[in-house]
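First the structure, in the form of structure tokens, and then the observations on it.
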Amino acid sequence: MKITVVTAFPDFLKSFLSTSIVGRGVAAERLVVDVLDLRDFSDGAYRQVDDYAFGGGGMVLMAEPLAKALEKAAADGGRPFVLGTSPQGAVLTQEMVESLAAQEHLFIVCGHYEGLDERFTRRFVDMEVSIGDYVLTGGELPAMVLIDAVARRIPGVVGKESAVEEDSFFRGFLDTPHFTRPSVWRGEPAPEALLSGDHEAVRSWRRRQAVLRTLRRRPDVLSRANVQPYLPCGAYVALLHHPVLDRLGNVTTTAVTGLDLHDISRTCATFGVRRFCVVTPLEGQREMVRTIVAHWTEGYGATFNPKRGEALRRIKVFPECRGMLRWIEKKERSAPLVVGTSARSRKGAVHWLELKRRIVEEARPVVFLFGTGWGLDESVLASCDAQLQPIRGGEGAYNHLSVRSAVSVLLDRFFGWR
């Protein structure tokens with residue numbers, strides 16, 4: 001990857017680019033960083049790069065020297081992705097860093113004084129970036145932050161890829177606490193799990209501590225975190241065909257559809273759901289499900305489309321909901337947190353972010369119940385440990401998603417990779 005930085009103060013970056021991880025990445029040619037002196041692109045004996053703002057105020061970086069610097073950078077291999085450092089820009093996040101790391105060439109403009117001539121920004125800058133809601137003397141420090149953060153996402157710059165993956169925010173959670181020798185310091189021992197030599201115990205302890213630290217310090221980051229790797233128990237989706245409602249509000253039993261089986265099982269496989277449970281009291285319907293699954297996992301379908309079979313293997317059929325929950329409790333050795341879903345508003349229903357916090361805090365298996373027909377009967381919803389608020393979008397008046405769409409939306413909120 002190549003990064004070009006244009007600045008009126010190039011000496012600011014020299015030591016940074018030859019030090020630590022970034023310096024090693026540059027030395028190993030995993031990362032190429034060019035620093036352009038903005039004054040080299042100015043006209044006149046005084047190498048002027050700034051001037052007074054029209055209408056009064058401070059100094060502004062002139063558009064022409066910046067444009068000439070960009071033209072030079074582009075001459076070496078096409079137009080780069082242009083970043084302007086500015087307190088008015090989008091605040092830098094890990095998601096933004098990962099997107100920037102996918103670019104072949106970044107061009108970073110270090111702002112100064114009152115900023116850049118707006119005409120250059122409008123014409124050439126693809127994104128303005130801020131490292132926080134405060135004002136700095138210049139854009140060199142933000143540029144260094146950008147380079148450091150992006151460099152960590154370039155293969156080979158950091159020695160161990162696993163070290164990058166455990167960084168705070170990489171998976172949406174804060175990093176775990178760390179300890180080193182001596183094992184007892186001023187009477188305080190390091191955690192026993194870390195001294196055990198048991199790799200699985202170490203991994204489990206670290207994941208749990210990352211959860212607890214995030215809940216205590218930054219619960220706001222849960223909205224974009226995939227909580228799946230941090231749950232000690234499994235997640236389950238259950239599609240109920242009884243007791244559900246018909247369009248008149250009467251309790252009924254609905255038929256199983258192949259489309260639901262295929263689409264929901266693929267969604268469950270995508271998001272790491274342990275089992276997709278299909279609940280119907282009709283033996284003929286349960287046998288039909290088993291036949292479909294067998295075709296794609298054992299019959300011709302297993303050879304024709306192995307990926308479909310991989311998803312459909314997650315299906316397990318049950319005659320009624322209580323038996324399913326008992327099976328999950330026995331399998332997980334823990335009573336599951338049962339979550340009801342509905343397109344209807346219901347008193348006491350919780351926002352998905354609050355439920356997400358509860359799931360990681362309680363560390364229990366979780367079962368999401370979805371209804372067919374016109375939704376789950378009130379008796380089912382009343383027995384749940386929690387009920388989610390309906391999915392809303394747009395103006396909020398129309399609320400008739402298919403159950404397949406609802407499963408995809410909710411699983412992405414809880415287990416999506418940010």
Parallel, tilted or perpendicular: which fits the ring planes of F9 and H112, with parallel below 30° and perpendicular above 60°? tilted

Would you indicate whether the side-chain heavy atoms of V109 and F124 approach each other to under 4.5 Å? no

May I ask you to check whether T7 and E140 show a side-chain donor-acceptor distance below 3.5 Å? yes

Considering all heavy atoms, the nearest M1-Q103 contact: CE-O, 3.5 Å

Check whether any side-chain N or O of D37 sits under 3.5 Å from a backbone N or O of P10 as a donor-acceptor pair, and report yes or no. no

Aromatic ring pairing Y300/H295, orientation class (parallel under 30°, perpendicular over 60°, tilted between): tilted

CG-CH2 distance between D246 and W374, expressed to the nearest 0.5 angstrom: 9.0 Å

Indicate, with yes or no, if the rings of H400 and Y398 have centres closer together than 6.0 Å. yes

Who passes salt bridge (Lys or Arg N to Asp or Glu O under 4.0 Å) against R322, sequence neighbours left out? E320

May I ask you to decide if V273's main-chain N or O and R314's side chain share a donor-acceptor pair within less than 3.5 Å? yes

Does a sphere of radius 6.0 Å around CZ in R346 hold more than 12 heavy atoms from other residues, nucleotides or ligands, not counting ones at 6.0 Å or beyond? yes

Cationic tip of K316 within the cone over F318's six-membered ring, i.e. under 6.0 Å and within 45° of the normal? yes

With under 30° as parallel and over 60° as perpendicular, where do the rings of F368 and F414 fit, or are they tilted in between? tilted

Check against ring-ring contact (aromatic ring centres under 6.0 Å, His included), F173 and Y230: CA-CA 9 Å; F173 281 80; Y230 297 86; 4.1 Å; yes

Inspect the surroundings of CD in E287 and state if more than 12 heavy atoms from other residues, nucleotides or ligands are less than 6.0 Å away. yes

Please name all residues satisfying ring-ring contact (aromatic ring centres under 6.0 Å, His included) with F271, sequence neighbours left out, ordered by chain then number. none

Expected output: side-chain T214 to main-chain L174 donor-acceptor under 3.5 Å: yes

Would you say the side chains of H242 and T253 form a donor-acceptor pair under 3.5 Å? yes

Quick one, I391 and L401 - any side-chain contact, counting heavy atoms below 4.5 Å? yes

Assess, by modelled atom type and distance only, whether the side chains of S402 and S405 contain a donor and an acceptor separated by less than 3.5 Å. yes

